[in-house]
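Each residue takes its place number in the sequence, starting with 1.
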Amino acid sequence: ELATYMDRLGITSYGEVGKTSYKLGMTCPPKNLDKAITLFQEVMLEHKFDEDTIKKLVQQQMGMLQQLHQMPQPQLLS
């Protein structure tokens with residue numbers, strides 16, 4: 001239902017995970033900006049995810065964080 005509504009309005013969302021931060025964003029046609037902001041606000045503040053969905057998302061994010069943690073760290077040159 002949410003995905004269909006977003007598709008119809010041309011809204012896409014994305015998330016990025018860093019070692020110390022998480023970034024969420026969206027893109028949309030300018031004519032749908034008000035609707036996109038309202039939708040983004042509802043999803044962030046009034047989410048209605050069931051517990052299984054939350055557990056699945058947490059596991060996915062933990063996997064991404066573990067991959068980042070295992071990546072070699074750049075060394076500073078002296």
- prompt: With a 4.5 Å heavy-atom cut-off, do Thr12 and Asp7 have their side chains touching?
  reply: no

message = Taking CE in Met64 as the centre, count heavy atoms belonging to other residues, nucleotides or ligands within less than 6.0 Å. Is the count above 12?
response = yes

To the nearest 0.5 Å, atom CD of Gln61 lies from atom CD of Gln59 at 10.5 Å

In this structure, CG of Asn32 is separated from CE of Met6 (nearest 0.5 Å) by 11.5 Å

Sequence neighbours excluded, the answer for side-chain contact (heavy atoms from CB on, under 4.5 Å) partners of Glu1 is none

Nearest heavy-atom approach of Ile11 to Cys28 is CG1-CB, 3.9 Å

Apply side-chain contact (heavy atoms from CB on, under 4.5 Å) to the pair Glu16 and Leu24, showing each step before the final yes or no.
CA-CA 7 Å; Glu16 296 178 21; Leu24 296 172; over 6 Å; no

query = Would you say Tyr14 and Val43 are hydrophobically clustered, going by side-chain heavy atoms of ILVMFWY under 4.5 Å?
reply = no

Residues pairing under salt bridge (charged side-chain N to carboxylate O under 4.0 Å, His left out) where one sits in residues 55-73, two or more places apart or in two chains, turn out to be Glu51-Lys55

Residues passing the side-chain contact (heavy atoms from CB on, under 4.5 Å) test with Tyr5, sequence neighbours excluded, are Arg8, Leu9, Lys35, Leu39

Taken to the nearest 0.5 Å, the spacing of Glu42 CD from Leu2 CG works out to 9.5 Å

